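A short worksheet on the structure shown next.
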Amino acid sequence: MTLSSAPGKVYLLGEHAVVYGEPTVLCAIEQRARVGVQRRDDGKLRVNAEDLSLDGFTVEYDGTADEGPDIDVSESLLDAAMGYVDGAIEQVRDVTGNDEVGFDVTIESDIPLGAGLGSSAAVVVAAIDAATRELGVTLETDELAERAYRTEYQVQNGQASRADTFCSATGGAVRVEGDDCRSLAAPDLPIVIGFDGGAGDTGQLVAGVRSLRDEYEFAADTIAAIGDVVRNGEAALADGDLEELGRLMNFNHGLLSALGVSSRSLDTMVWAARDAGAYGAKLIGAGGGGCIAALDPTPETETALSFTPGCEDAFRAELADSGVKRLE
Ligand code: PMV
């Protein structure tokens, strides 16, 4: 068996606007997906996924990819996860020129599905890396990020930026603007995550923002304003100015909320973090439900969130300096 892991990520600033060519800044976190892969000679894909949620339910998916998982919780999310694995394996077949190969794939993840922490990108990056290595091919990080991006692009029907997959493959802090992806120097950020136990549908949320942008010029201006917030955030990061970065995260949350992608529970957690003295807080990822991130070097925000109704889990996210890790 060949085993790789890849980290999840937090958008410090700029999600959604990145889809329209604005810059975004994000960083990898030590919540990881681990994917183990063993070659099969019958051409089948068999996937076993456990702990694909922070709330700890365990799912056994034991069938070929086209049968779909036989489960009764979060079926659509798991279907989506299986779609990503399928897409990743297609990239592996393409890049290795081995069209007929099959795999047993085992996924274990610390990252809740669809909650804005980059679970799909981490699974895709780790799966492509492990499966190519299982066939004797080790991809350079750039090629791995590119293949992972193509997987997300195809599974999400063309609605994907390069941000998640590049960040998960390379680790650390990164800046993405269109096709331009690069690593950034960043201070060690005191990030606290609040998770409402829910998830958002990235495709639907991206489509909602797109139709607002098509309908209203001020929605397009809101997206452009997020780009300005990110450019200011880059300067704050370079200066290590956490207070300013927090202020910009607050601003970014307000703009995302204006675009209709926040929710009552996300807003409640954001306000709980601010009231606890965080430098700033915002929803992260596509929104609709899932996670917020706050900046707070003290224990106050984590404690406040753990007592906030609607917050199911609060934890500190350690930054991941490495992206994909080759474990076996
Ligand atoms: O919630 P996530 O991790 O799927 O992030 C989505 C981020 C968007 O900017 C909304 C879409 C994208 O592909 O960049």
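Since this is a predicted model, take the numbers as computed values, not measurements.
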Q: May I ask you to decide whether Lys325 forms a salt bridge with Asp129, counting only side-chain N to carboxylate O separations under 4.0 Å?
A: no

Q: Run the salt-bridge test on Lys282 and Glu15 with the 4.0 Å N-O cut-off and return the result as yes or no.
A: yes

**Q.** Interatomic spacing from OG in Ser257 to CG in Leu266 - rounded to 0.5 Å
**A.** 9.5 Å

Q | In one Ile/Leu/Val/Met/Phe/Trp/Tyr side-chain cluster, 4.5 Å: Leu135, Val125 | A | yes

**Q.** Sub-4.5 Å side-chain heavy-atom contact between Arg39 and Asn98
**A.** yes

Q: Determine, for Lys44 against Asp42, whether the closest basic-nitrogen to carboxylate-oxygen distance falls under 4.0 angstrom.
A: no

Q: Carefully, step by step, assess Arg274 and Val270 under the rule side-chain contact (heavy atoms from CB on, under 4.5 Å).
A: CA-CA 6 Å; Arg274 291 173 184 166; Val270 160; 3.3 Å; yes

Q. Can you find a side-chain donor-acceptor pair between Asp221 and Tyr216 that sits under 3.5 Å?
A. no

Q: Test side-chain contact (heavy atoms from CB on, under 4.5 Å) on Val19 and Arg210 and set out the steps.
A: CA-CA 9 Å; Val19 174; Arg210 186 178 294 280; 3.9 Å; yes

Q) Does Met1 belong to the same Ile/Leu/Val/Met/Phe/Trp/Tyr cluster as Val37, with side-chain heavy atoms less than 4.5 Å apart forming each link? A) no

Q. If you link I, L, V, M, F, W and Y whenever their side-chain heavy atoms are under 4.5 Å apart, who else ends up in the same group as Leu327?
A. Leu3

Q. According to a 4.5 Å side-chain heavy-atom criterion applied to Ile, Leu, Val, Met, Phe, Trp and Tyr, with indirect links allowed, do Leu212 and Phe218 form part of one hydrophobic cluster?
A. yes

Q. Would a 4.5 Å heavy-atom cut-off, applied to side chains only, mark Phe166 and Ser161 as touching?
A. no

Q: Hey, could you give me the OH/CG distance between Tyr84 and Leu113, rounded to the nearest 0.5 Å?
A: 10.0 Å

Q) Would a 4.5 Å heavy-atom cut-off, applied to side chains only, mark Ile226 and Leu256 as touching? A) yes

**Q.** Joint hydrophobic cluster, Val230 plus Leu242, side-chain heavy atoms closer than 4.5 Å
**A.** yes

Q: For Glu234 and Arg231, run salt bridge (charged side-chain N to carboxylate O under 4.0 Å, His left out): C-alpha distance rounded to whole Å, both residues' side-chain angles, the deciding distance at 0.1 Å, then the answer.
A: CA-CA 5 Å; Glu234 285 179 70; Arg231 283 180 276 273; over 6 Å; no

Which pairs would a plain distance check flag for residues 288-296, meaning a side-chain donor or acceptor within less than 3.5 Å of a matching protein atom at least two apart in sequence or in another chain?
unit_1	atom_1	unit_2	atom_2	d
Asp296	OD1	Thr298	N	2.8
Asp296	OD1	Thr298	OG1	2.9
Asp296	OD2	Thr298	OG1	3.1
Asp296	OD2	Thr301	N	3.2
Asp296	OD2	Thr301	OG1	2.6

Q: Please round to the nearest 0.5 Å and tell me the distance separating atom OG of Ser168 and atom CD1 of Ile29.
A: 10.0 Å

Q. From Glu243 CD over to Leu248 CG, what is the distance, rounded to the nearest 0.5 angstrom?
A. 11.5 Å

Q) Is any side-chain heavy atom of Thr165 closer than 4.5 Å to a side-chain heavy atom of Arg150? A) no

Q: Work out which heavy atom in Phe103 is nearest to a heavy atom in Glu134; give both atom names and the distance.
A: CE2-CG, 4.2 Å

Q) Taking the side chain as C-beta and beyond, is there a heavy-atom pair between Cys181 and Thr170 under 4.5 Å? A) no

Q | Qualifying ring pair (Phe, Tyr, Trp, His ring centres under 6.0 Å) pairs with a residue from residues 106-154, counting only residues at least two apart or across chains | A | Tyr149-Tyr153

(Q) A side-chain contact here means heavy atoms from C-beta on lying under 4.5 Å apart; do Ile223 and Val209 qualify? (A) yes

Q. Between Leu12 and Leu189, does a side-chain contact (heavy atoms from CB on, under 4.5 Å) hold up when you go through it step by step?
A. CA-CA 10 Å; Leu12 292 174; Leu189 298 166; 3.5 Å; yes

Q. What's the verdict on salt bridge (charged side-chain N to carboxylate O under 4.0 Å, His left out) for Arg264 and Asp267, showing C-alpha distance, side-chain angles and the deciding distance?
A. CA-CA 5 Å; Arg264 189 180 294 268; Asp267 284 345; over 6 Å; no

**Q.** Reported CG-to-CG distance for the pair Leu13 and Leu237, which is rounded to 0.5 angstrom
**A.** 7.5 Å

Q) How far apart are the closest heavy atoms of Ser4 and Val324, and which atoms are they? A) CB-CG2, 4.3 Å

Q.
Contact between Arg34 and Asp110 at the side-chain level, heavy atoms closer than 4.5 Å - yes or no?
A. yes

Q: Please report the shortest heavy-atom distance between Thr141 and Ala169, naming the atom on each side.
A: CG2-O, 3.6 Å

(Q) Pairing donors with acceptors under 3.5 angstrom, does anything connect the side chains of Arg133 and Thr2? (A) no

Q) Charged N to carboxylate O below 4.0 Å: is that the case for Glu90 and Arg93? A) no

Q | Criterion side-chain contact (heavy atoms from CB on, under 4.5 Å) on Thr24 and Tyr11, from CA distance to verdict | A | CA-CA 8 Å; Thr24 183; Tyr11 276 92; 3.2 Å; yes

Q. In a check of salt bridge (Lys or Arg N to Asp or Glu O under 4.0 Å) between Arg162 and each of Glu146, Glu177, Glu152, which one passes?
A. Glu146

Q | Sub-4.5 Å side-chain heavy-atom contact between Val95 and Thr132 | A | yes

Q. Which atoms form the tightest heavy-atom contact between Pro7 and Ile111, and what is the distance?
A. C-CD1, 4.3 Å

Q | Identified side chain to side chain contact (heavy atoms under 4.5 Å, CB included) counterpart of Leu305 within the set Thr268, Ile193, Val192 | A | Val192

Q.
Nearest 0.5 angstrom please: His16 NE2 to Asn252 CG, how far?
A. 10.5 Å

Q: Please report the shortest heavy-atom distance between Ala320 and Arg32, naming the atom on each side.
A: CB-NH2, 4.1 Å

Q: Would you name the heavy atoms of Ser265 and Asp196 that are closest together and state the gap between them?
A: OG-OD2, 2.6 Å

